[in-house]
Amino acid sequence: MTLKSKLAAVLTSAGLLAGLLVGLTAPVASAAVVPVSATVETAPIHGSGDAADDPAIWIHPTDPSRSTIIGTDKSTDGHGLVVYDLSGRELFYYPDGRMNNVDVRYNFPLGSSRVGLVGVTNRVRSLDFYKVNESDRSLTKVGSFAPTANIATPRGFSFYHSPDTGKYFAYVTDIGKVEQWELDGSTGSVTGRLVRSWTVSGPAHTEGLVADDEMKRIYIAQEDIGGIWRYGAEPGDPTAGTKVVSTTEVGGDIVQDIKGISIYYGSGGAGYLLAASQGGNRFHVYARDDNRPLGAFNIPAANGIDAVTGMDGIDVTNFGVGGPFPQGFFVTQDTANDTGRQNFKAVPWQSIAAAYAPALLVDAAYDPRKIGAAPGTPAPPDTTITGQPANPTTSTSAQFSFTSTSAGATFACSLDSAAFVSCTSPASYTGLSSGSHTFQVRASDQNGVDPAPASYTWTVDTAPPGGDTTPPDTTITSGPPATSTSTSASFAFTSNEANSTFQCSLDGAARTACTSPQSYTGLSAGTHTFSVWATDAAGNTDTTAATQSWTISTSGTGSTIVRASVSQATNSTAATTLTIPKPANVVQGDLLVSCVALSGGTIGTTGAPAGWTRLAAVTSIANPKVYGYYKVATTTEPASYAWTTTSTTSGGGIARYSGASGLDTAATSASGAAASSGTVPAVTTTTANAMLVGCMSVNSSSVTLTSPAGMAQAVETGARRFELADGTQAAAGPSGTKSWTFSAAREWAGWLVALRPKTP
């Protein structure tokens, strides 16, 4: 027993572990919802519609940087498993069935070997099992069996390894029914024996499952009004559980539906239970020991990656895998992916931990690869490369950083099969020749030398590969309309060659490295030109930039209308007041336009803030109901504006327009049953260069909206999904109908109005 573990045992018996063993207990974090940024997203899933469901992380036994993300595709046209590397690139695709939930365990006894085992629920009524082939990270199917008829559609899945018996189990659930199967691989094929079954109390829908292999617990999430239940995971444990997390409808902290759940393992029983709130577009963190709530985080758009909404399955690892995730990472399914079909997004764990106050635990000591490993003498340390050069690279220098599972380890390094020599992190090399190079590093401590050094191979290429002198073609896939009133712009672009990098320029400025999408703010009135060039992996750069020009209209016949700033707010739980902040930099004479969307409630004639005039009330369907208001700003405006509603979830936004004198014409409105688009009748403007402003809301918290042609999005919120959009109409007359399109069919309601420019 180490000194730390002896100390832990003493302090635990004294009841003092939480206060004195710093680093072994989970900090008590604030309850605020904090934003964190994804840094990697996978290639889109193969199936269309609601396809991607659940990810699992597999850690390579000797080179953690070669670990993978394994994702499921439950659609009828994609139906299978997809294996991605840590950059999100697809490695393998197995169209073997409508795969729902997936999990991984290590050292499973299959025949005479110990293998990494992947288990997955197949909606075609089976539990399917694959071994991971460590050499190339591919999967080979090694067994399949059906649960009992009680599991009509296998959905939730989790492995469990018993620390008492060393046996492996598979849990499966559907519509409240739970079954525990003991797994056997002695014949070289995985089979199962039913050892326990029960029904979860309360609402029927259950899917999220996760087992805590150290604490011998199994957690089961109810999607509807209910929560998360905790049970003993051993086959002989009682089937009576404890509800440890509750949804807001029954006094808890998490909005239904509760989807994926996962465990972050910390030392000495510390760590976290993580849960996805699909209805709240956020992820909740609970202490692993007593499951007390510690707050929540969301993943907004950042780093060229769209926001995560409507999420399903999640997974997390505390173990450093190098590259973009030197201290572990969190991965989630994303229902609405801006580049097409659904995919998975990944966030470095240290980003999540640092967003909390106090910070969450970052603890890489737990190694999931040791689950099921044979007992014996203490093992030598494992070595992990945490930083390395790009591959390929044109640089003749290289720097490597590395770490070990042993705090007191020393290191030895080798380049290109030379003898190992003592080194410290970081280790640097210069004057490298063109061609392939291999760096190895191994840790050693009192328990011996790492028998499998961490290794990284890369290519130094100072000239384009022979034969590839063809530059790529660059394409701009989206940008602002030809005429816009917004002083911001965003461009998406792509290349016809994979692994291309990009350089961007605005209005002839020097090129700078960029990624898609590229955004600009604070632009001046007038015509602007955006240019982008792709460079392929061989170093060839597109000789002709992809360009797009557009005009920010703040002048013209009688027109000075500019959307200058916006603000928004949502109530994701029912409330009777919706408070929206004042947009930035409001000055006297600005015209403020607000859209408020309700989930079935109403706003009375006296429910608007002082000074606001109703311009539209679209209330003919039960959900959503949409209202519009406007006011001319005075010399003193409050910091926020409060609307009074009946008790309901709600959302609202305010757009600030300079140069507008009021409404040019009365608003039009419309609503309809579930459909993939909604159309609002035209307005007829009486002045040139009027500003069209429209609002559209749908009965959903996850469906995305696309603005009508000629109008740009000003506000879109997720908790109560609606959009405020605008665009200039150059000539007086009919505007034509305005249609929003939706990513899925939903009930809808919207309005359209025109603003009159001030007289010059």
Side-chain angles (χ1 to χ4, degrees), residues 38 40-60 63 65-105 115-144 153-155 157 159 189-190 260 305-306 308 311-315 317 321 323-325 329 331-346 494-500 537:
V40 169
E41 64 176 330
T42 69
I45 208 76
H46 287 253
S48 59
D50 188 16
D53 196 280
D54 189 41
I57 300 167
W58 172 78
I59 299 176
H60 193 280
D63 184 358
S65 68
R66 299 185 70 234
S67 302
T68 61
I69 298 168
I70 303 170
T72 64
D73 186 336
K74 65 189 176 188
S75 66
T76 55
D77 54 343
H79 57 272
L81 283 176
V82 185
V83 181
Y84 306 94
D85 67 14
L86 295 182
S87 71
R89 179 173 60 97
E90 181 180 308
L91 300 176
F92 303 99
Y93 168 48
Y94 302 98
D96 293 349
R98 298 185 62 198
M99 304 308 192
N100 205 93
N101 278 28
V102 61
D103 202 7
V104 173
R105 286 298 185 275
V115 302
L117 190 66
V118 176
V120 59
T121 46
N122 187 333
R123 287 195 177 197
V124 190
R125 287 216 71 252
S126 63
L127 306 183
D128 294 351
F129 300 90
Y130 299 77
K131 71 173 182 178
V132 183
N133 302 303
E134 297 170 359
S135 59
D136 64 356
R137 300 174 285 181
S138 63
L139 305 179
T140 300
K141 195 169 186 179
V142 292
S144 179
T153 303
R155 301 178 192 269
F157 181 87
F159 279 125
S189 178
V190 178
I305 299 174
D306 61 298
V308 173
M311 66 290 290
D312 254 293
I314 61 174
D315 199 9
T317 180
V321 293
F325 308 120
F329 69 101
V331 61
T332 176
Q333 181 263 9
D334 182 18
T335 293
N337 176 35
D338 66 346
T339 58
R341 294 180 175 181
Q342 297 176 346
N343 68 349
F344 302 91
K345 267 79 171 180
T494 187
S495 166
N496 66 335
E497 293 193 37
N499 302 316
S500 290

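The first residue of the sequence shown is numbered 1, and numbering continues consecutively from there.
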Using the ring of each side chain (for Trp, its six-membered ring), is [X] parallel, tilted or perpendicular to [Y], with breaks at 30° and 60°?
X	Y	answer
Phe325	Phe329	parallel
Tyr94	Phe92	parallel
Tyr93	His46	parallel

Passing candidate, side-chain hydrogen bond (donor to acceptor under 3.5 Å, both in side chains) with Asn122, options Asn100, Asp128, Asp96: Asp128
Glu41 vs Tyr84 side-chain heavy atoms within contact, under 4.5 Å: no
For Ser138 and Asn133, does a side-chain donor sit closer than 3.5 Å to a side-chain acceptor? yes
Going by atom types alone, do Asp53 and Thr72 pair a side-chain donor with an acceptor below 3.5 Å? no
Determine the sole option in Leu139, Ile70, Val83 for which the side chain to side chain contact (heavy atoms under 4.5 Å, CB included) test with Tyr130 is passed. Leu139
Residues at least two apart in sequence or cross-chain that pass side-chain hydrogen bond (donor to acceptor under 3.5 Å, both in side chains) with Asp73, listed by chain then number, are Ser75
Any carboxylate oxygen within less than 4.0 angstrom of a Lys/Arg side-chain nitrogen, looking at Asp54 and Lys74? no
Could you please spell out the steps behind the side chain to side chain contact (heavy atoms under 4.5 Å, CB included) verdict for Trp58 and Val118? CA-CA 9 Å; Trp58 172 78; Val118 176; 5.7 Å; no
Any idea which heavy atoms bring Val321 and Ser67 closest together, and the distance? CG1-OG, 3.8 Å
Atom CG of Asn499 with >12 non-hydrogen neighbours under 6.0 angstrom: no
So, does Thr68 use its side chain to make a donor-acceptor pair with the main chain of Asp85 at under 3.5 Å? no
